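Bear in mind the structure is a predicted one, so any value in this text is a computation, not a measurement.
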Amino acid sequence: MDSLGKQTKVLLHEITNGLVYAERVATEEYEAVEKNIQKQLNTVLDNCERLDHLVKKEPPNKREEAKLHVDKMKYDCKHLQQALQSIQQRRYLIIIYHG
């Protein structure tokens, strides 16, 4: 569980960096960057699902803290998904208004 949790945290950090890059990247590169971010988000969601199942196998004295960590990663992922949607909307509006 610890290694999957660490991998997921690293992915969340990479997604954050990817979103910063996505806001600045040229139009030609944007689609590839967006697809990569979406792929990473899907991996995080899959990892969180697996971690949810692994939490139930933790000893009772560690279970609550482990669940809190998983819930925080889910929360972070949800906010990163919203950030990606916001970037997508802004880029769409730029395309519409600037042709």
Side-chain angles (χ1 to χ4, degrees):
M1 182 167 159
D2 286 340
S3 97
L4 184 59
K6 287 178 186 176
Q7 288 173 358
T8 305
K9 285 180 184 180
V10 167
L11 271 173
L12 288 168
H13 182 71
E14 288 176 4
I15 293 166
T16 302
N17 291 338
L19 289 169
V20 170
Y21 182 67
E23 288 186 328
R24 297 186 175 111
V25 72
T27 304
E28 306 82 39
E29 294 178 57
Y30 174 75
E31 190 174 322
V33 172
E34 179 187 340
K35 283 182 182 180
N36 186 52
I37 292 170
Q38 192 59 57
K39 179 181 167 191
Q40 289 175 314
L41 285 166
N42 291 338
T43 301
V44 168
L45 290 172
D46 291 343
N47 287 357
C48 285
E49 245 181 73
R50 281 187 264 156
L51 286 166
D52 269 338
H53 293 293
L54 292 173
V55 162
K56 295 172 186 170
K57 296 178 182 180
E58 286 289 309
N61 60 332
K62 292 184 177 183
R63 195 173 299 150
E64 187 175 338
E65 184 178 346
K67 177 143 179 49
L68 286 173
H69 287 297
V70 174
D71 287 346
K72 182 176 182 333
M73 286 188 276
K74 286 186 202 175
Y75 178 83
D76 291 344
C77 185
K78 195 171 287 191
H79 281 275
L80 292 172
Q81 285 176 313
Q82 291 171 344
L84 178 59
Q85 288 174 349
S86 178
I87 292 169
Q88 290 167 332
Q89 289 172 346
R90 279 194 303 268
R91 290 189 77 94
Y92 178 74
L93 290 174
I94 289 170
I95 291 169
I96 288 177
Y97 290 118
H98 298 310

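Cluster note: L45 groups with no other residue, as no ILVMFWY side-chain heavy atom lies under 4.5 Å from it.
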Worked check of side-chain contact (heavy atoms from CB on, under 4.5 Å) between V44 and M73: CA-CA 8 Å; V44 168; M73 286 188 276; 5.5 Å; no
Throw together a table of side-chain donor-acceptor distances under 3.5 angstrom for residues 4-11, partners on residues two or more places apart or in other chains.
unit_1: T8; atom_1: OG1; unit_2: L4; atom_2: O; d: 2.7
unit_1: T8; atom_1: OG1; unit_2: N47; atom_2: ND2; d: 3.0

Cut-off 3.5 Å, no hydrogens considered: what does the side-chain donor-acceptor table look like for residues 76-85, sequence neighbours left out?
unit_1: D76; atom_1: OD1; unit_2: K72; atom_2: NZ; d: 3.4
unit_1: D76; atom_1: OD2; unit_2: K72; atom_2: NZ; d: 2.9
unit_1: H79; atom_1: NE2; unit_2: Y75; atom_2: OH; d: 3.2

Just distance, no hydrogens or angles: give the donor-acceptor pairs under 3.5 Å from side chains in residues 24-32, sequence neighbours left out.
unit_1: E29; atom_1: OE1; unit_2: Y21; atom_2: OH; d: 2.8
unit_1: Y30; atom_1: OH; unit_2: E34; atom_2: OE1; d: 3.3
unit_1: E31; atom_1: OE2; unit_2: K35; atom_2: NZ; d: 3.4

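The shortest non-hydrogen separation linking R91 to A22 is NH1-O, 3.3 Å.
Not a single side-chain hydrogen bond (donor to acceptor under 3.5 Å, both in side chains) links K39 to another residue, sequence neighbours left out. For R90, the salt bridge (charged side-chain N to carboxylate O under 4.0 Å, His left out) criterion is met by E23, not counting sequence neighbours. Annotation: side chain to side chain contact (heavy atoms under 4.5 Å, CB included) contacts of P60 (sequence neighbours excluded): R63.
Listed by first and then second residue, the salt bridge (charged side-chain N to carboxylate O under 4.0 Å, His left out) pairs that reach into residues 12-21 come to none, sequence neighbours excluded. Sequence neighbours left out, the pairs with a member in residues 43-55 that pass salt bridge (charged side-chain N to carboxylate O under 4.0 Å, His left out) are D52-K74.
To the nearest 0.5 Å, the span separating CE on M1 from NE2 on H69 amounts to 8.0 Å. Distance check: S86 OG to L19 CG gives 10.0 Å after rounding to the nearest 0.5 Å.
Between I15 and the choices N36, L41, T43, the side chain to side chain contact (heavy atoms under 4.5 Å, CB included) rule is met once, by L41.
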